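Step one of this worksheet: look at the structure below.
Keep in mind that what you see is a predicted model, and the values were worked out from it rather than measured. So that the names make sense, note that chain A is the first sequence line, chain B the second, and so on, each numbered from 1. Only heavy atoms go into these numbers, but all of them, side chains included; no hydrogens, no water, no symmetry mates.
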Amino acid sequence: MAFDTMIAEWLINPASHNLGLKNLAWARLGVEMKPITDLIGKGKAQITMAGVPIAQATPYACADVDMTYRLVKVLEPELHEKKLWLLFTEVEMPLVPVLSAMEMRGVALDVEFLREMSRQLHERLMALEREIHELVGYPFNIGSTQQLSDALFIKLGLSAQGVPKTKSGHYSTSASVLERLRGQHPVIDLILEHRELAKLKSTYVDALPKLVNKRTGRVHTSFNQTGTVTGRLSSSDPNLQNIPIRTELGRQVRRAFIAAPGHLLLSADYSQVELRILAHISQDEGLLAAFKRGEDIHASTAATVLGVPIEKVTREMRRLAKTINFGITYGMSGYGLAQRTGLSQEEADRFIKNYFAKYPRVKKYVEETKRKAREQGYVETLLGRRRYFPELASDSKAHYSVKAAAERMAINAPIQGSAADIIKIAMINLHRALKERGLASSMTLQVHDELVLEVPEGELEAVKPLVKSTMEGAFELDAPLKVDMKVGRNWLEMEPVEA
DNA sequence: GCGGTGGGCGCG
DNA sequence: AAAGCGCGCCCACCGC
């Protein structure tokens, strides 16, 4: 179907169920990571499409390759000057048709399953609501944080000791606060369960079926190519990058994402991609060696930092190491580590100090990155994608906390952004490889470090090695990329497979 | 009825 | 003084 047809349908009735490819805002130029519309707004280019001045048109009106390239004529010198030309021509533009194909393909949804799940959630929610009102002593809206706060801290008189207040002045009722209140009153457990179920029901179980396209019978997300500051994609309407997996009940939602008859879902995800990138960029010997030996990286970190043999690492030690391995790439402090692990602040500080002593080049990466952000004004990914930090300039009057936050973003941006670069290359190459071989398999979802493909059963054996080698070969890291794959009839019940 | 904001929470 | 990055969506609440 042609784009103009879809746009016409959408213009006639914007609320209609059409295939509205919101990826039509598809011109990520990579220039300072700003959407094309921002640049146009500054009057750098006065371009019209079908007689409409783009500056006043919605981003959707940018859906014309011709227009995009005419606009680029104006921006080309800047792309060259900032060394973004190859990223633009070799990655972002070739990605556009790949994303369009994924959006068009969509994914099948078991609506009947979700309807049944909705009924069961409704029943349980009603029971919980009754019990909660009973225990509190009067009926109120459990979904209102203000009313809930009053119920807990005024009516029931639970201790508000150390509970942070929100901007609007009432005590926070966040999950971390409720967890701490758990022993104080039996109602807390019920509220936590109510929260979890209400979230699942409203955000996924009830919302997803409404977005099934009447024509295709499938859900078609939009992959926004210009929606993040790091180079990642985002997904919306519906967001299929935040489907539950961490709790048993939540992950049941994944059962609703099914392969078409005669097909299978193949999920392929990069193992520890951000830590491998950190190892590559920092060139830290210990980290590189652990990956080259193919070790369980969290166990390896625990062994190294705590000074025990890797086979003596307990679950508890590994869990701590996992927290710090992730935290490092976000610029986490001792306070933050303590908050998340139950360690005292002193212990957490000491642990981080030890970590940096054992992985000195990681420490150096952190310091170098902060220096670059301050001195050159930006940091960059493996492919040269930039993120700017005006707050960190030496003449900046920004508050300390603002600068500290910017530093954490600067530490994370090259890592998260490089991972985005890599999976984008993989997507382009895989799309082409499948086409070249005349295979009917195609990507349907991207979840930052994971690709989901819908594969005709007969193609599975051919597609598995192709996916694995294409993803692993997307970029050569000194800590080599590793891809794990799973196959199943739906996104929940998947079995690990080898290529 | 609509749009914006805040609190909260799902994912990587 | 703040205290781990990046997203999008739900509901409540508020002002218009």
Side-chain angles (χ1 to χ4, degrees), chain A residues 22 33 140-149 164-178 191-192 195-208 210-211 221-224 226-247 249-251 253-254 269-270 272-275 278 323-341 345 348-349 352 366 369 379 387 399-417 419-420 423 445-451 491:
Chain A
K22 279 136 291 187
M33 301 194 182
F140 65 101
N141 185 346
I142 303 163
S144 160
T145 50
Q146 297 183 23
Q147 293 180 39
L148 180 62
S149 179
K165 289 208 179 175
T166 65
K167 279 187 198 171
S168 38
H170 59 274
Y171 289 112
S172 167
T173 64
S174 67
S176 63
V177 168
L178 295 179
I191 291 167
L192 281 164
R195 274 265 173 84
E196 184 188 355
L197 270 53
K199 174 91 177 177
L200 289 177
K201 185 169 185 290
S202 66
T203 307
Y204 306 101
V205 177
D206 290 346
L208 287 170
K210 294 181 191 159
L211 291 166
T221 187
S222 293
F223 288 109
N224 191 342
T226 56
T228 69
V229 289
T230 54
R232 275 188 177 181
L233 302 175
S234 73
S235 158
S236 64
D237 309 296
N239 180 357
L240 296 185
Q241 291 179 325
N242 73 343
I243 302 303
I245 193 168
R246 292 174 191 171
T247 69
L249 185 64
R251 63 187 294 147
V253 171
R254 295 192 167 224
D269 70 283
Y270 282 116
Q272 308 295 354
V273 62
E274 294 198 354
L275 281 176
L278 177 62
T323 303
I324 197 166
N325 271 337
F326 283 114
I328 278 304
T329 65
Y330 303 149
M332 188 170 58
S333 66
Y335 174 89
L337 183 63
Q339 286 291 300
R340 284 162 190 79
T341 57
Q345 168 115 28
D349 285 339
I352 291 179
V366 170
T369 305
V379 298
R387 180 169 177 186
H399 190 274
Y400 170 82
S401 62
V402 174
K403 290 191 179 185
E407 286 182 346
R408 293 193 297 274
M409 297 174 206
I411 292 164
N412 178 258
I415 301 171
Q416 188 184 126
I423 198 166
L445 300 177
Q446 188 255 40
V447 193
H448 310 307
D449 64 356
E450 172 188 12
L451 294 177
W491 206 6

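Between A:R387 and C:dG6 there is a side-chain polar atom (N or O) within less than 4.0 angstrom of OP1 or OP2. One finds no side-chain N or O of A:T203 lying less than 4.0 angstrom from the OP1 or OP2 phosphate oxygen of B:dC9. Within the 4.0 Å cut-off from OP1 or OP2 of C:dC13, at least one side-chain nitrogen or oxygen of A:S144 is found. Taking side-chain N and O atoms only, A:T173 has no distance below 4.0 Å to OP1 or OP2 of B:dG7. Proximity of A:T166 to the phosphate of B:dG6: no side-chain N or O atom is located under 4.0 Å from OP1 or OP2. Applying the 4.0 Å criterion to OP1 and OP2 of C:dA12, one finds that A:N141 has a side-chain N or O inside that range. Within the structure, a side-chain polar atom (N or O) of A:S333 is placed less than 4.0 Å from OP1 or OP2 of C:dG4.
Between A:V229 and A:M409 there is no side-chain heavy-atom pair separated by less than 4.5 Å.
Candidate nucleotides C:dC7, C:dA2, C:dC5 were compared by shortest atom distance to the side chain of A:Y330, and C:dC5 ranks first. Nearest to the side chain of A:D237, among C:dC7, C:dC9, C:dG6, sits C:dC9. Considering only the side chain of A:R408, C:dG4 comes nearest among B:dG10, C:dG4, C:dC13. In this structure, the nucleotide among C:dG4, C:dC5, B:dC11 sitting nearest to the side chain of A:R246 is B:dC11.
Among the atoms of the strands shown, none is found under 4.0 Å from any heavy atom of A:D269. Using a 4.0 Å heavy-atom cutoff across all strands shown, A:A175 reaches sugar-phosphate atoms only and no base atom. A:Q147 comes within contact range of the sugar-phosphate backbone alone, with a heavy-atom separation under 4.0 Å but no base atom that close. A:G336 comes within 4.0 angstrom of sugar-phosphate atoms only, judged by non-hydrogen atoms across all strands, and of no base.
The minimum heavy-atom distance linking A:V273 with A:A419 is given by the pair CG1-CB, 4.2 Å.
With both ends at atom C1', the span from C:dA1 to B:dC9 equals 26 Å, rounded to whole Å.
Between the side chain of A:N239 and the base of C:dG8 there is no donor-acceptor pair of N/O atoms closer than 3.5 Å. In terms of polar N and O atoms assigned as donor or acceptor, the side chain of A:R195 never comes within less than 3.5 Å of the base of B:dG8 in a complementary pairing.
The CD atom of A:E196 sits 7 Å away from the P atom of B:dG10 (whole-angstrom rounding). Atom CD1 of A:I142 and atom P of C:dC10 are 20 Å apart (whole Å). Following rounding to the nearest Å, A:L278 (CG) and B:dG12 (P) show an atom-to-atom distance of 20 Å. If you take NZ of A:K199 and P of C:dC10, they are 9 Å apart, rounded to a whole angstrom. The distance between atom CZ of A:F326 and atom P of B:dG12, rounded to the nearest whole Å, is 10 Å. In this entry the distance linking OH of A:Y204 with P of B:dG10 reads 7 Å, nearest Å.
Here A:Y335 lies parallel enough and close enough to stack on the base of C:dA3, with planes under 30° and ring centres under 5.5 Å apart.
When the options A:S236, A:S234, A:P238 are evaluated for a side chain to side chain contact (heavy atoms under 4.5 Å, CB included) with A:S222, the one that passes is A:S236.
Across all strands shown, B:dG10 forms a Watson-Crick or G-U wobble pair, both distances under 3.5 Å, with C:dC7.
No side-chain donor from either of A:T323 and A:T341 sits under 3.5 Å from a side-chain acceptor of the other.
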